[in-house]
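Please read the structure below before turning to the comments.
In what follows, chains carry the letters A, B, and so on, assigned in the order in which the sequence lines appear, proteins first and then strands, with residues in each chain numbered from 1. Atoms considered below: every heavy atom in the structure, side chains included; atoms not considered: hydrogens, waters and symmetry mates.
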Amino acid sequence: MVIKNNIITVKKPPLFSFAECLWFLDRNYDDCAHTVKQDAVWKALQLGEENYLLKIYEKDKTIKIEVVVGPASAKSKKLIESFVVEWFDLNNNLEPFYKALRKDKQLSYMYKDFYGLRLMGITDLFESLCWCIIGQQINLSFAYKLKRRLVERFGIKLEYEGSLFYIFPDFKALAQASAEELKAMQFSSAKAAYLINTAQAFSDGLLSKSILQSLPDEESRHKLLTSFRGIGTWTANYVLMKTIRDPNSIPHGDAGLLKALINHDIIEDKKDTQKIKLFFERYKNMESYIVIYLWRSLAIH
DNA sequence: CACCAGGCGATTT
DNA sequence: AAATCGCATGGT
């Protein structure tokens, strides 16, 4: 009998659906950040100095994390477990959010239809910022294509049983990329410069997740982020939501968010900032979660 | 062909 | 301060 010691077991929290989270990861886009196969998600990532390939699936009342590639020492397992808990937002109690949702006449259907969906994070700040810059003002299909090109060129490739898995490039690799090469990959000149500038800001120690987390409030985090070229209010808020997990962060001006608000007759046109403000007051300190659920609704409207 | 896309920075009013 | 403009290019 073989005893597997490369599996980590995590308890599922209440108000959680692994299937709904997997649905989000496997929307109709070609995201190179992970692979959904059958009922499991495969994820390549770097933690500390080590590269890992994880296979994550549910079993009974638990989530299983199989360390497919990489060390499965006690220390590694601890890091991996923290990563998954953060990625799936497992420590967040959604009860207050669901309470507010159930009271919402227009949106209460989401309580059933999207039950258990979590705010799937982007735990790495550099990756999160790059993803925003790539996605600015272009459609998502094209954005995912650009991201794949960037990752295949500058990222780390992991091969396992004939399949390829990618780890997002280190900022050091992008800091010395040439704008010309990025432009040849169909990035606009502005975006090529933003990406390289951002990578250099990390290289120069001007920006990091811990720097951001050490700041006292959302306002100061937003201010630091937007001091860099290419990081506007939308990008700053997106990152605060997906990476820093500020609960009250809203990516104002987001095209998808506005479309969802119009679909639900919450606003009539995109410039109705007053009604948008009123709407979000119903979700104080849960703004980022209602944004995720509104984005989720775009797939059914 | 027109219009929009998970915006941003620069310029003009 | 607030509105407008140029960017770049794939999707529909």
Side-chain angles (χ1 to χ4, degrees), chain A residues 23-34 114 117-122 124-125 127-150 152 168 178-201 207 222-246 249-264 266-267 269-274 276-277 279-280 287-301:
Chain A
W23 177 90
F24 172 81
L25 294 175
D26 197 30
R27 293 177 297 164
N28 299 316
Y29 301 108
D30 177 34
D31 193 348
C32 59
H34 50 259
F114 309 150
L117 173 66
R118 297 272 157 166
L119 198 174
M120 299 302 294
I122 302 174
D124 183 76
L125 178 64
E127 176 178 351
S128 191
L129 283 168
C130 289
W131 172 232
C132 286
I133 291 167
I134 293 168
Q136 287 165 6
Q137 189 55 20
I138 58 174
N139 65 70
L140 274 178
S141 328
F142 184 40
Y144 278 108
K145 271 185 192 166
L146 287 176
K147 176 166 120 178
R148 180 174 284 281
R149 277 179 209 160
L150 190 78
E152 288 183 356
F168 196 83
S178 85
E180 289 311 310
E181 187 178 1
L182 295 183
K183 279 165 78 173
M185 294 160 74
Q186 286 173 295
F187 288 87
S188 69
S189 345
K191 285 187 184 179
Y194 297 160
L195 288 171
I196 294 168
N197 284 349
T198 302
Q200 285 169 350
L207 189 54
H222 189 280
K223 201 172 170 188
L224 175 64
L225 285 168
T226 52
S227 71
F228 296 93
R229 277 179 63 84
I231 303 177
T233 185
W234 175 82
T235 298
N237 284 322
Y238 183 99
V239 160
L240 290 175
M241 179 171 106
K242 296 272 281 190
T243 304
I244 305 301
R245 293 190 178 280
D246 279 329
S249 195
I250 305 164
H252 286 292
D254 179 83
L257 172 59
L258 292 169
K259 193 196 264 178
L261 290 171
I262 291 170
N263 287 344
H264 290 89
I266 293 163
I267 58 172
D269 67 274
K270 298 183 175 188
K271 285 183 284 185
D272 200 345
T273 50
Q274 194 54 37
I276 295 172
K277 197 179 161 208
F279 167 75
F280 278 110
E287 287 90 335
S288 54
Y289 253 90
I290 194 61
V291 168
I292 289 297
Y293 276 57
L294 285 166
W295 278 343
R296 172 67 180 85
S297 75
L298 293 171
I300 62 169
H301 285 289

**Report entry** side chain to side chain donor-acceptor pair (under 3.5 Å) pairs, two or more places apart, involving residues 185-200 of chain A
**Finding:** A/Arg149-A/Gln186
Within this structure, what is the [atom1]-to-[atom2] distance between [X] and [N], rounded to whole angstrom?
X        : N     : atom1 : atom2 : result
A/Leu195 : B/dC8 : CG    : C1'   : 13 Å
A/Asp254 : B/dC4 : CG    : P     : 16 Å
A/Leu225 : B/dC8 : CG    : P     : 11 Å
A/Phe228 : B/dG9 : CZ    : P     : 12 Å

**Report entry** Nucleotide nearest A/Lys270 when distance is taken to its side chain, options B/dA5, B/dG9, B/dG7
**Finding:** B/dA5
Query raised in the report: With rounding to whole Å, what would you report as the distance between B/dG9 and C/dG10 at their C1' atoms?
Result: 23 Å
Report summary line: NZ of A/Lys259 to CG of A/Leu298, rounded to nearest 0.5 Å, is 6.5 Å
Query raised in the report: Atom SG in A/Cys130, atom CG in A/Leu146: separation rounded to 0.5 Å?
Result: 12.5 Å
Requested in this report: Please report the closest heavy-atom contact between A/Ile231 and A/Ala236, naming both atoms and the distance.
Outcome: CG2-N, 4.1 Å
Please enumerate all protein N or O atoms sitting under 3.5 Å from an N or O of nucleotides 5-12 of chain C, with distances to 0.1 Å.
unit_1	atom_1	unit_2	atom_2	d
C/dA8	OP1	A/Ser189	OG	2.9
C/dG10	OP1	A/Gln186	NE2	2.2
C/dG10	N2	A/Asn139	ND2	3.2
C/dG10	N3	A/Asn139	ND2	3.1
C/dG11	OP1	A/Lys145	NZ	2.2
C/dG11	O4'	A/Asn139	ND2	3.2

Dump the pairs, protein N or O against N or O of nucleotides 10-13 of chain B, anything under 3.5 Å, distances to one decimal.
unit_1	atom_1	unit_2	atom_2	d
B/dA10	OP1	A/Arg229	NH1	2.9

Report task. Using a 4.5 Å cut-off on heavy atoms from C-beta on, say whether the side chain of A/Ile133 contacts that of A/Gln136. Result -> yes
Query - Pairs touching residues 237-246 of chain A that satisfy salt bridge (Lys or Arg N to Asp or Glu O under 4.0 Å), sequence neighbours left out - result: A/Asp89-A/Arg245, A/Arg221-A/Asp246
Query raised in the report: Who pairs with A/Tyr144 by ring pair (Phe, Tyr, Trp, His ring centres under 6.0 Å), at least two apart in sequence or on another chain?
Result: A/Tyr29, A/Trp131
Query - B/dC8 OP1/OP2 closer than 4.0 Å to side-chain N/O of A/Thr235 - result: yes
**Report entry** Test item: A/Ser297 side-chain N/O and A/Leu294 main-chain N/O as donor-acceptor pair under 3.5 Å
**Finding:** yes
Report task. Would you indicate what A/Ile231 reaches in the nucleic acid, counting non-hydrogen atoms under 4.0 angstrom: base, sugar-phosphate, or nothing? Result -> sugar-phosphate
Report task. Have a look at A/Lys242 and say if it touches a base, only the backbone sugar-phosphate, or nothing, with a 4.0 Å heavy-atom cut-off. Result -> nothing
Query raised in the report: Got a sec, which residues hit salt bridge (Lys or Arg N to Asp or Glu O under 4.0 Å) with A/Asp31, two or more places apart in sequence or on another chain?
Result: A/Lys147
